[in-house]
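Please read the structure below before turning to the comments.
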Amino acid sequence: MKEKDPEKEKRKIKSAARMKEIMTHYYIEAKTADQSGKKVAWITSGGPVEPLIAMDVIPIYPENHGAMIGASKMGKDLCEKAEQMGYSSDLCSYACSDIACSPVNGGPIGGLPRPDMLICCTNICGTVLKWYEIQARYYGAPLFILDTPFCHTDFPEQAKRYVRRQLDEYLDFLETVCGRKIDYDKMKEVGKLSIEGQRLWKAVLDTATHKPAPLSAFDAFFHLALIVTLRGTAQVVEYYTLLLKEMNERIDAGIGAVENEQYRLLWDNIPIWYRTKWLSEKFASHGACLVADTYTSAWCGALEYLNENDFIETMAEGYSRIYLNIGIDKMAEIVISLIDKYDADGIVMHSNRSCKPYSFGQYDIQKIVRENRKIPSLIIDADMVDERFFSESQVETRIDAFMEVIKGTSAKK
Amino acid sequence: MTHMDILEELKRHPYEYARKYKSERGRPIVGYFCSYTPEELIFAADALPFRLFGTGEHIRLADTHLQAYCCSLVKGALEDAMAGRLDFLNGVVFPHTCDTIQRLSDIWRLNLPRGFHMDVVLPVKLNAPSSRSYMIDVLMEFRKNLEDAFRKKITDKALLDSIKTYNRIRLLLQKIHNLKYENPGVIAGEDLHSIMMASMIMDRSELIDVLDKIAGDLESGKNTSPPPPGERIVLSGGSCNLLDIYGIVEEAGAAVVGDDFCTGSRYYEGLLNIDMNPVEAIAERYLTRIVCPAKHSGLSTRADNIISVVREKKAGGVVFVLLKFCDPHAFDYPSLKRALDQEGIPSTLIEIEDQSSADGRVKTRLEAFIEMLKRKDRKEGEFSGAGK
């Protein structure tokens with residue numbers, strides 16, 4: 001047996017094993033839902049999951065599925081299959097690979113469990129609307145759309161009223177599909193757990209403000225799965241408490257995510273799932289740690305609008321004013337606040353051809369950041385799942401050149 | 001100049017028309033995207049609604065704001081604006097439709113401070129009780145914002161007059177299209193294209209006169225020239241930049257007898273109810289009209305509609321037109337095609353990058369499709385002959 005590198009072992013996050021356990025158990029429960037009699041709902045990553053948890057419905061996240069497909073490097077094949085089904089190669093690869101999985105039970109976990117209903121929240125993009133319509137047709141399952149008006153500059157009163165009213169429509173929909181009434185006491189408890197989970201997730205991410213950062217954005221990409229999928233459960237609170245404890249221990253012991261951290265960078269956009277390890281090692285080889293990102297922080301970014309004692313009433317605003325549902329000047333403000341908070345030396349932006357609302361506007365955000373913080377930025381052209389749009393040699397050359405600039409500007413500081 | 005000449009001139013030089021219009025009439029001009037912009041309100045404010053299609057000329061400035069995977073409509077319009085070609089606009093209205101238009105609005109607001117900037121964030125789903133009241137709220141707010149921008153009250157009477165004008169325009173457009181569909185030889189497809197473009201940019205009162213005369217000419221059979229081509233085609237898909245596909249289809253040997261474009265039938269179908277509160281009438285039309293795929297009103301509305309258009313217009317097949325990088329339409333295509341297949345309606349797909357890319361490749365594809373339809377017709381003819 002090959003001896004383990006003690007240096008690498010030291011840097012491994014131990015809680016990860018528990019996380020894998022929870023996720024495995026979650027997917028087994030979901031895949032056997034037909035035996036337990038529980039209902040399954042497919043829901044978008046930014047969707048209001050709390051009522052589902054309160055109704056004991058198993059939430060399934062096709063986007064998380066997309067990420068798994070990408071990470072297991074099955075994206076290219078499935079996207080090609082989607083093209084054979086008539087979907088253009090220019091479309092979102094999460095959607096395409098998931099749609100292509102359905103008829104063949106393909107992908108890393110042999111397809112997702114059949115939905116009894118689909119819940120689509122438009123706060124992340126217009127693509128989910130099309131994706132969920134397609135799957136609702138395919139499975140013949142009822143679809144609920146939570147329409148969260150885009151907040152270019154503000155969130156007007158009429159939009160708030162509209163979303164609030166739809167939450168009632170949402171609860172009615174759930175009661176009809178499940179054939180029973182919602183327990184409002186349970187809903188309150190779930191709301192509290194949801195906020196508690198988000199606070200802990202934020203605290204975990206905040207530990208990366210420490211130098212060296214005990215976790216990197218690449219670690220966050222992995223540990224994110226729970227706040228997305230099981231938000232509102234005690235499991236999330238329990239797990240992130242554990243993870244936070246480990247991060248604080250790492251800080252005390254001076255263990256950083258990257259050996260000899262010298263440069264601190266910010267990541268923007270969805271990860272390039274099939275190359276996270278390669279990218280992580282590439283940046284680490286330059287002594288650079290990606291200490292924060294706009295992606296994983298989105299699952300605790302609306303905390304300021306939520307009230308744990310009045311969850312249902314504040315949900316409308318909390319679910320509408322999320323990172324992707326706001327104007328690019330607001331997004332630039334958040335990027336700048338992350339740069340300041342994490343003391344970042346540069347920013348790496350993934351121009352993700354799959355995600356137009358996340359990527360269009362990046363050039364302007366780049367410009368605003370340059371004008372306000374004068375730090376270098378790099379744009380990587382790729383796709384989150386479909387490897388055909390990733391050129392390793394090109395990306396490598398650009399990262400090397402970018403790191404030379406970072407080294408130059410940081411030395412001048 | 002004939003009436004058609006006027007419209008053709010306008011199609012060739014829309015921005016020159018706007019500049020001249022503004023200097024001669026002194027009326028404000030409001031740029032807009034998409035058929036979800038409530039034009040009736042803009043017109044009631046005594047301004048000219050001017051739909052932006054983008055000329056697609058020498059994209060250079062827009063490339064520093066938008067990646068290569070952005071559609072040519074949005075890129076082209078941004079380029080025109082940044083290059084100063086739209087300096088005649090008093091303001092621009094961005095209705096919330098697709099993700100790309102949504103971000104275009106942000107980029108425009110941050111980089112082009114000239115004139116007013118209005119977002120009209122209409123609901124995405126149109127078939128829920130909550131959507132109706134929200135839609136009305138948004139329209140009321142838009143009305144107020146226009147009043148503030150022009151420092152002018154939009155009275156109910158002005159709005160009702162505007163609605164009546166639009167009803168007349170829509171009725172005339174319906175009439176012209178119906179005449180064409182009954183007898184495809186009565187007017188060329190590319191002339192229909194000029195009419196549609198003019199309808200969205202020209203002074204609306206003058207437009208009524210021109211359309212009235214064209215409809216009259218068509219009715220009296222004055223313009224009948226080419227013999228009606230054999231195959232009848234329905235166009236479906238995304239033509240937000242009003243691609244001149246009509247002429248290409250007819251050149252390939254078929255006649256366009258129907259469509260579901262936002263720059264086509266969805267623009268002129270559905271009249272506003274003049275007995276309703278005017279703002280509610282506008283909302284009502286949007287809520288009941290066939291949707292853009294960026295909006296939701298059920299899982300089969302678009303498929304049911306295209307099938308009924310094909311049947312009603314006695315068309316032989318459907319040509320799907322997709323603008324490259326238009327996600328909502330590209331997502332709908334496979335299920336629409338499947339629905340047509342199940343009904344035995346042949347279809348083909350052409351993807352167009354921009355106006356200039358509607359080239360020989362597209363024509364060859366269309367010719368092959370039309371040839372296939374002709375063979376199918378002959379075969380069906382033989383079968384029915386044999387059965388006699």
Answer whether the closest heavy-atom distance between the side chains of B:Thr100 and A:Phe360 falls below 4.5 Å.
-> yes

One option among B:Gly298, B:Ser105, B:Pro129 has the most heavy-atom pairs under 4.5 Å with chain A, and it is B:Pro129

CG of A:Asp364 to CD1 of B:Ile107: how many Å apart, nearest 0.5 Å?
-> 5.0 Å

Rounded to the nearest 0.5 angstrom, the CG-OH distance for A:Asn352 and B:Tyr69 is 6.5 Å

Name the region of A:Phe389, side chain, backbone, both or neither, that has any atom closer than 4.5 Å to a heavy atom of chain B.
-> neither

Considering non-hydrogen atoms only, spot the tightest contact between B:Asp106 and A:His152 and give its length.
-> OD1-ND1, 2.9 Å

Among residues 163-172 of chain A, residues within the sub-4.5 Å heavy-atom range of chain B, in order of number, are A:Arg165, A:Gln166, A:Glu169

Which bit of B:Asp63 is near chain A, if near means a heavy-atom gap under 4.5 Å: side chain, backbone, both or neither?
-> backbone

Contact origin within B:His96 toward chain A - heavy atom pairs under 4.5 Å = side chain

Which atom pair, heavy atoms only, marks the closest approach of A:Ala136 to B:Leu299?
-> CB-CD1, 3.9 Å

Using non-hydrogen atoms and a 4.5 Å limit, figure out which bit of B:Cys70 sits close to chain A: side chain, backbone, both or neither.
-> both

Contact part of A:Ile328 toward chain B, heavy-atom cut-off under 4.5 Å: side chain, backbone, both or neither?
-> both

So, the part of A:Ile326 with a heavy atom under 4.5 Å from chain B: the answer is backbone

Given that the side chain runs from C-beta out, which part of B:Ala330 has a heavy atom under 4.5 Å from chain A: side chain, backbone, both or neither?
-> both

Kindly write out the residues that satisfy side-chain contact (heavy atoms from CB on, under 4.5 Å) with B:Glu280, not counting sequence neighbours, or none if the list is empty.
-> B:Ile136, B:Met276, B:Asn277

Go through the atoms of A:Ile379 and report whether side chain, backbone, both or neither lie under 4.5 Å from a heavy atom of chain B.
-> neither

Identify which part of A:Ala95 has an atom lying under 4.5 Å from any heavy atom of chain B, answering side chain, backbone, both or neither.
-> side chain

Residue from A:Ile99, A:Thr122, A:Asp147, A:Thr153 scoring the most non-hydrogen pairs under 4.5 Å with chain B is A:Asp147

Closest non-hydrogen atom pair, A:Glu133 against B:His296 = OE2-ND1, 2.7 Å

Which residue out of B:Ser130, B:Ser300, B:Ser131 racks up the most heavy-atom pairs below 4.5 Å with chain A?
-> B:Ser130

Between CD1 on residue A:Ile134 and CZ on residue B:Phe331, distance to nearest 0.5 Å | 6.0 Å

Any donor-acceptor pair under 3.5 Å linking the side chain of B:Asp137 with the backbone of A:Gln158?
-> no

Are B:Asp327 and A:Lys130 within salt-bridge range, i.e. N to O under 4.0 Å?
-> no

Got a second to check how far B:Tyr333's OH is from A:Met85's CE, nearest 0.5 Å?
-> 13.0 Å

Could you check which of B:Thr97, B:Val74, B:Asn111 has the highest count of heavy-atom pairs closer than 4.5 Å to chain A?
-> B:Asn111

Closest heavy-atom pair, A:Pro149 versus B:Val121, reported as atoms and distance to 0.1 Å, is CB-CG1, 3.9 Å

With sequence neighbours left out, write down each residue that passes side-chain contact (heavy atoms from CB on, under 4.5 Å) with B:Ser335, or none if nothing qualifies.
-> A:Arg137, B:Arg338

Can you find a pair of side-chain heavy atoms, one from B:Lys295 and one from A:Leu129, that are under 4.5 Å apart?
-> no

Are any side-chain N or O atoms of B:Gln67 and backbone N or O atoms of A:Ser359, one a donor and one an acceptor, separated by less than 3.5 Å?
-> yes

Got a sec: does the CD of A:Glu175 have more than 12 other heavy atoms crowding it under 6.0 Å?
-> yes

Heavy-atom closest contact (B:Lys324 atom, A:Asp90 atom, distance) | NZ-OD2, 2.6 Å

Are any non-hydrogen side-chain atoms of A:Tyr358 and B:Arg103 less than 4.5 angstrom apart?
-> no

Check whether B:Thr64 gets within reach of chain A through its side chain, its backbone, both or neither, counting any heavy atom under 4.5 Å.
-> backbone

Side-chain H-bond candidate by donor/acceptor type, A:Tyr162 with B:Ser133, under 3.5 Å | no

Is the side chain of B:Lys125 donor-acceptor paired with the backbone N or O of A:Ile145 at a distance under 3.5 Å, no angle test?
-> yes

Considering residues at least two apart in sequence or located in another chain, which fulfil the side-chain contact (heavy atoms from CB on, under 4.5 Å) criterion with A:Cys125?
-> A:Thr127, A:Val128, A:Pro357, B:Asp99

